[in-house]
Undergrad: 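Mind looking over this structure? Questions follow.
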There are 2 protein chains.
Amino acid sequence: MNYKKQLEEYFKEVDIRCVLGLSIDCVIFGFYDNQLKVLLLRWKQTEEWGLPGGFIYKNESVDVAAQRILEERTGIKELFLQQFHTFGEDVRYNRQEISQKLSWPDTSSRQWPDRTVSIGYFALVDFSKVTPTADFLTDECRWWDVEKLPSLLFDHNHIVAVALRTLRVQLSWQPVGYNLLPEKFTMPELQRLYETILNRPLDPRNFSKKMRALGIIERLEEQRKGGAFKSPYLFRFNKEKYEKALQEGNLAFS
Amino acid sequence: MNYKKQLEEYFKEVDIRCVLGLSIDCVIFGFYDNQLKVLLLRWKQTEEWGLPGGFIYKNESVDVAAQRILEERTGIKELFLQQFHTFGEDVRYNRQEISQKLSWPDTSSRQWPDRTVSIGYFALVDFSKVTPTADFLTDECRWWDVEKLPSLLFDHNHIVAVALRTLRVQLSWQPVGYNLLPEKFTMPELQRLYETILNRPLDPRNFSKKMRALGIIERLEEQRKGGAFKSPYLFRFNKEKYEKALQEGNLAFS
DNA sequence: TAGTGTATATGTAAGGAATACATAAAGCTT
DNA sequence: AAGCTTTATGTATTCCTTACATATACACTA
């Protein structure tokens, strides 16, 4: 089986070039159709889905490795990427089960230790800018509704849950949500995003007031046409003002 | 040199029993004399100070390892302990310099990789309950004022800085500060603690109002006598109410 | 072109929280 | 008894949060 050979090669390479016993897992959030999405990969010749992840080169910073892995496995570059938790439970998942599901080659000869500690990163990306592309380990790469994830490989369901919790907390602290929208967006779009992440409805009048009061978005003259209704104004996120407000610490949203 | 032998033994043991390339560093905060303190260890036969740290057994959860290390190296048990960041820069510190400073034996024969990734935990402890005790690697264990730390080994100054930043943010989210005080405390003591952590003065009338409004402390009839002034009332933290308020999410402090 | 359906844009009043600010009281010392 | 020190406490103002309803613009259809 060709793929199995490839896997063997890959593991051999990893054992030589990478830090042993450590991995990185990335939870990539996107927003589309009023749904918060997560990018998942389907492993070759299986129906098994998991998070994009990978390993750290011996002389590579972990942050840089996270960026690289993301790019290698999904083609996504330059985004909001943040470490959120390190998963170090002694038994994170059933190793045998995983080995079986993914038809991994016999790993008894590997130097890899019994237990892998994984550093979790989450990314926020503009859905429209991503072309999900599978890599050499996987057959398929696509967005999944975060509320309707399948049962994932490893402890990836747990990792997604922790990432989501972190995202919710962060959203109240600083408007990280902007990273999930295209450059220009309407107020209702922004509101849907917040509603989706926080998982509760918000009042449009109050929401608009609060968002504009933060002083980090600007309304453009432009409007978005196309719907059978009043055209909404477009807004743009102002990064300079954001940085300034961030330093002054007045960006809380409740 | 006896100590050097001991070190060699220790490293050998670590290589066998522990996860390679990973370590844990603990930033232990205490509060005394209106100062935020950090517990540091002085390495044997040196004037070099560093954070208590250690390694993870191969089949041990990282959280459990952090607790164990804390207890082994400082005698502290049962406390507020939380993972806050994983430090994975490719060059965290000058290894040669450290080796020299600590007179470490030649490590070229070790299996240990070139780079160590460290998982940072911070702990909040009741100052009065801790008896700093040095362990077999160190000559001295004592509290240092967080504002007046010496230059520490490894990247420990950086780790403390990140821990402190995390503590400040957390304090606005949930009243973690209580872990730093003895069971019974006065309102002014609590205020000093907050002032110290947040590094700014607070108004006593507003502070008292806000704290009592959170509904998670109760005033006792008891008062603390002893000063040449009006006796302050004692308060007690109510853990049940705290848990309840935590779930309902109304514990923000700004 | 008039009518219909749909999502958008917007203001005001009320309640609650945060801030600013100053003085009287209690305990110990001398 | 006077003096020093630290604690305890209330009110007015401002700001933020919440609750709540209607007119408007656009597209589509008849």
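Keep in mind that this is a model prediction, so the values were computed, not measured. In what follows, every chain begins at residue 1, and chains take the letters A, B, ... in the order their sequences are listed.
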Undergrad: With Trp143(B) as reference, evaluate Trp49(B), Phe31(B), Phe29(B), Phe127(B) under the ring-ring contact (aromatic ring centres under 6.0 Å, His included) test and give the passing residue.
TA: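 The passing option is Phe127(B).
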
Undergrad: Which residue lies toward the 5' end of DNA chain D, Asp203(A) or Lys209(B), if each is placed at its nearest nucleotide?
TA: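 So the residue in question is Lys209(B).
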
Undergrad: Please give, in whole Å, the distance from dT7(D) C1' to Phe185(B) CZ?
TA: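 For the pair Phe185(B) CZ and dT7(D) C1', the rounded distance is 16 Å.
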
Undergrad: Please state whether the phosphate of dT8(C), meaning OP1 or OP2, lies under 4.0 angstrom from any side-chain nitrogen or oxygen of Arg192(A).
TA: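 Yes, Arg192(A) has a side-chain N/O under 4.0 Å of OP1/OP2 on dT8(C).
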
Undergrad: Calculate the interatomic distance between Leu190(B) atom CG and dA8(D) atom C1'; express it in whole Å.
TA: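 Whole-Å distance recorded here is 15 Å.
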
Undergrad: Could you tell me whether the side chains of Glu195(B) and Gln191(B) share a donor-acceptor contact shorter than 3.5 Å?
TA: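 Yes, Gln191(B) and Glu195(B) have a side-chain donor paired with an acceptor closer than 3.5 Å.
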
Undergrad: What is the distance, to the nearest angstrom, from the NZ atom on Lys230(B) to the C1' atom on dT5(D)?
TA: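 In whole Å, dT5(D) C1' lies 13 Å from Lys230(B) NZ.
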
Undergrad: Does Arg205(A) have a side-chain nitrogen or oxygen under 4.0 Å from the phosphate oxygens OP1 or OP2 of dA23(D)?
TA: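 No, because none of the side-chain N or O atoms of Arg205(A) sits under 4.0 Å from OP1 or OP2 of dA23(D).
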
Undergrad: Which whole-number value in Å describes the distance from Phe229(B) CZ to dG3(D) P?
TA: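 Phe229(B) atom CZ is separated from dG3(D) atom P by 20 Å.
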
Undergrad: Can you check whether Lys225(A) has a side-chain N or O nearer than 4.0 Å to OP1 or OP2 of dC26(D)?
TA: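 For dC26(D), OP1 or OP2 has a side-chain N or O of Lys225(A) closer than 4.0 Å.
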
Undergrad: On DNA chain C, nearest-nucleotide positions of Pro188(A) versus Asn206(B): which is more 5'?
TA: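 It is Pro188(A), whose closest nucleotide lies nearer the 5' terminus.
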
Undergrad: Indicate yes or no: does Asp139(B) engage Lys44(B) in a salt bridge with an N to O separation below 4.0 Å.
TA: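 Result for this pair is no, no salt bridge flagged.
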
Undergrad: Given dT9(D), is OP1 or OP2 found less than 4.0 Å from the side-chain N or O atoms of Arg212(B)?
TA: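 So the side chain of Arg212(B) is within the cut-off, an N or O lying under 4.0 Å from OP1 or OP2 of dT9(D).
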
Undergrad: Salt bridge check: are Glu48(A) and Arg42(A) linked by an N-O gap of less than 4.0 Å?
TA: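 No.
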
Undergrad: If you pin Pro204(A) and Ala228(A) to their nearest nucleotides in DNA chain D, which one's is more 5'?
TA: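 The answer here is Pro204(A).
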
Undergrad: Judged by modelled atom types alone, do Asp126(B) and Ser128(B) share a side-chain donor-acceptor pair under 3.5 Å?
TA: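 Checked: Asp126(B)/Ser128(B) side chains pair up, N/O donor to acceptor below 3.5 Å.
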
Undergrad: Identify which nucleotide among dA20(C), dT7(D), dA19(D) has an atom closest to any side-chain atom of Pro232(B), counting heavy atoms from C-beta outward.
TA: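 Closest of the options to the side chain of Pro232(B): dT7(D).
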
Undergrad: Could you check how far CD of Glu195(B) sits from P of dT7(D), rounded to whole Å?
TA: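 Answer to the nearest Å: 11 Å.
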
Undergrad: Using atom CD of Gln191(A) as one end and atom C1' of dA9(C) as the other, report the distance to the nearest whole Å.
TA: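 Roughly 12 Å, once rounded to whole Å.
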
Undergrad: How many whole angstroms separate atom CZ of Arg219(B) from atom P of dT7(D)?
TA: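 Atom-to-atom, Arg219(B) to dT7(D), this comes out as 14 Å.
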
Undergrad: Measure from CD on Glu222(A) to C1' on dA25(D) and round the result to the nearest Å.
TA: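 Roughly 18 Å, once rounded to whole Å.
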
